[in-house]
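Have a look at the structure below, then the notes.
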Amino acid sequence: RSDLTGLSLSQALVSASNPGAWRGLGTSAAAQAASRSQAEDVRVEGAFPVTMLPGDGVGPELMHAVKEVFKAAAVPVEFQEHHLSEVQNMASEEKLEQVLSSMKENKVAIIGKIHTPMEYKGELASYDMRLRRKLDLFANVVHVKSLPGYVTRHNNLDLVIIRESPSCFSFLTQSARGVIECLKIVTRAKSQRIAKFAFDYATKKGRGKVTAVHKANIMKLGDGLFLQCCEEVAELYPKIKFETMIIDNCCMQLVQNPYQFDVLVMPNLYGNIIDNLAAGLVGGAGVVPGESYSAEYAVFEMGARHPFAQAVGRNIANPTAMLLSASNMLRHLNLEYHSNMIAEAVKKVIKVGKVRTSDMGGYATCHDFTEAVIAALPHP
């Protein structure tokens, strides 16, 4: 389980993914006991424990697809399933601690979108944001790659978006009636960390260029510091070409000529926009996987985070992104054979083109697509 992200951070990640290095990290004894009790029912000898958080919207349906494919492929993974939702009244401090306890013990998780309600209920940080902050999931990676056989406006795309996470915006106050102040926090340490992550990723993956996306022309101090840190880190990697681009222009360039990009690094807010824009270039939220990393933990998810609430119970969600994310998770666990087997089965179904969900121009259900992937798995 040592080949985690292919980064210089991987030394820390290696020790984190080593079962012998597991340790408690300050969660309450009650939460740890509850997590252990829930996990005891699914203990499998020799299997890798993974925390599963289905989330909201179609998340539970997508996770069911993952479990069905893993079962058919005999993947040696045991899922410890937890439920956390702000829209289904399934969120509390106790549940959050249970999830954190499980994730800190297992080091690896696969999660759906935990939807954040628009209404302000006295707590600025959502449970999703608090979860990411407590785990220090500082780097979100979205690999935007065209799927063979699925024709979109731009084909043969292959670019990576790396964004700092969680949000750099905090401390909202109402200074006067009708006036809200929002403070954007940028630090040298965190800007250097995400920049180094991006250049290490590019180095390990054999990529030739990193583009820093910013708004330093207007936010001269905050984004200016981020840009300065990227420039300083770039000097340590002379073999990798470094460019900068203002966020406005980056959005236009992605639509006009996305082939000019390789690895993009940016603060959280810009990354959230670019992730969704880039996903649209290759087919939408249903086909792009994503992952988030700290020095110790790895969380696998969809690249463009949408709950797709309008599709709940209709059996029309596209499980491609979640299945590819699950495949990436298996590679993280050094289960290369199973990872490749599932990824190739998904890509085979898409390339053949007979079974496609509505977002890809077909009529198949989520269940149909899952069954097609299972049928495409190599059988002894």
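Predicted model, so just to flag it, every value in this text is computed and none were measured.
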Quick one: [atom1] on [X] to [atom2] on [Y], what's the gap to the nearest 0.5 Å?
| X | Y | atom1 | atom2 | value |
| --- | --- | --- | --- | --- |
| Ile350 | Arg356 | CD1 | CZ | 7.5 Å |
| Ile161 | Leu277 | CD1 | CG | 8.0 Å |
| Thr203 | Lys196 | OG1 | NZ | 9.0 Å |
| Thr152 | Leu147 | OG1 | CG | 8.5 Å |
| Ile114 | Leu53 | CD1 | CG | 4.5 Å |
| Phe70 | Glu78 | CZ | CD | 13.0 Å |

Indicate, with yes or no, if [Y] and [X] share a hydrophobic cluster defined by side-chain heavy-atom contacts under 4.5 Å among Ile, Leu, Val, Met, Phe, Trp and Tyr.
| X | Y | answer |
| --- | --- | --- |
| Tyr337 | Phe300 | yes |
| Val255 | Val144 | yes |
| Ile273 | Val265 | no |
| Leu227 | Met266 | no |

Indicate whether any N or O donor in one side chain lies under 3.5 Å from an N or O acceptor in the other, for [X] and [Y].
| X | Y | result |
| --- | --- | --- |
| Asn155 | Ser146 | no |
| Asn340 | Glu344 | no |
| Asn328 | His143 | no |
| Tyr293 | Asp136 | no |

If every non-hydrogen atom of [X] is compared with every non-hydrogen atom of [Y], which pair is closest and at what distance?
| X | Y | result |
| --- | --- | --- |
| Ile110 | Ala326 | CD1-CB, 3.9 Å |
| Val349 | Ala376 | CG2-CB, 4.1 Å |
| Gly286 | Asp359 | CA-OD2, 4.2 Å |
| Pro289 | Val142 | O-CG1, 3.8 Å |
| Ala317 | Cys366 | O-CB, 3.2 Å |
| Gln260 | Asn257 | NE2-O, 3.0 Å |

Can you confirm whether [X] sits close enough to [Y] that some side-chain heavy atom of one is under 4.5 Å from a side-chain heavy atom of the other?
| X | Y | result |
| --- | --- | --- |
| Phe226 | Ile194 | yes |
| Lys113 | Met302 | no |
| Tyr150 | Lys351 | no |
| Leu264 | Val160 | no |
| Val77 | Leu333 | yes |
| Phe199 | Leu236 | no |
| Leu335 | Pro76 | yes |
| Met103 | Leu135 | yes |

Side-chain ion pair, [X] and [Y], N-O less than 4.0 Å:
| X | Y | value |
| --- | --- | --- |
| Lys190 | Glu164 | no |
| Arg188 | Glu232 | yes |
| Lys95 | Glu97 | no |
| Asp158 | Arg207 | yes |
| Lys67 | Glu81 | yes |
| Lys241 | Asp262 | no |
| Arg132 | Glu301 | yes |

May I have the step-by-step check of ring-ring contact (aromatic ring centres under 6.0 Å, His included) for Phe197 and Phe138, ending in yes or no? CA-CA 10 Å; Phe197 186 102; Phe138 71 90; 5.7 Å; yes
Is there a donor-acceptor pair under 3.5 Å between the side chain of [X] and the backbone N or O of [Y]?
| X | Y | value |
| --- | --- | --- |
| Ser165 | Ala139 | no |
| Glu61 | Gly313 | yes |
| Asn272 | Asn268 | no |
| Ser339 | Ser327 | yes |
| Asp368 | Val355 | no |

May I ask you to decide if the ring planes of His154 and Tyr259 are parallel, tilted or perpendicular, using 30° and 60° as cut-offs?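 His154 and Tyr259: perpendicular rings.
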Cation over ring face, Arg163 and Tyr270, 6.0 Å, 45°: no
Side chain to side chain contact (heavy atoms under 4.5 Å, CB included) between Ile246 and His214, intermediate numbers included: CA-CA 5 Å; Ile246 296 172; His214 64 93; 3.7 Å; yes
From CA spacing to verdict: side-chain hydrogen bond (donor to acceptor under 3.5 Å, both in side chains), Gln80, Asn106: CA-CA 9 Å; Gln80 298 174 10; Asn106 296 334; 3.0 Å; yes
Determine whether Val186 and Ser191 satisfy the following criterion, side chain to side chain contact (heavy atoms under 4.5 Å, CB included), listing intermediate values before the conclusion. CA-CA 7 Å; Val186 180; Ser191 295; 3.5 Å; yes
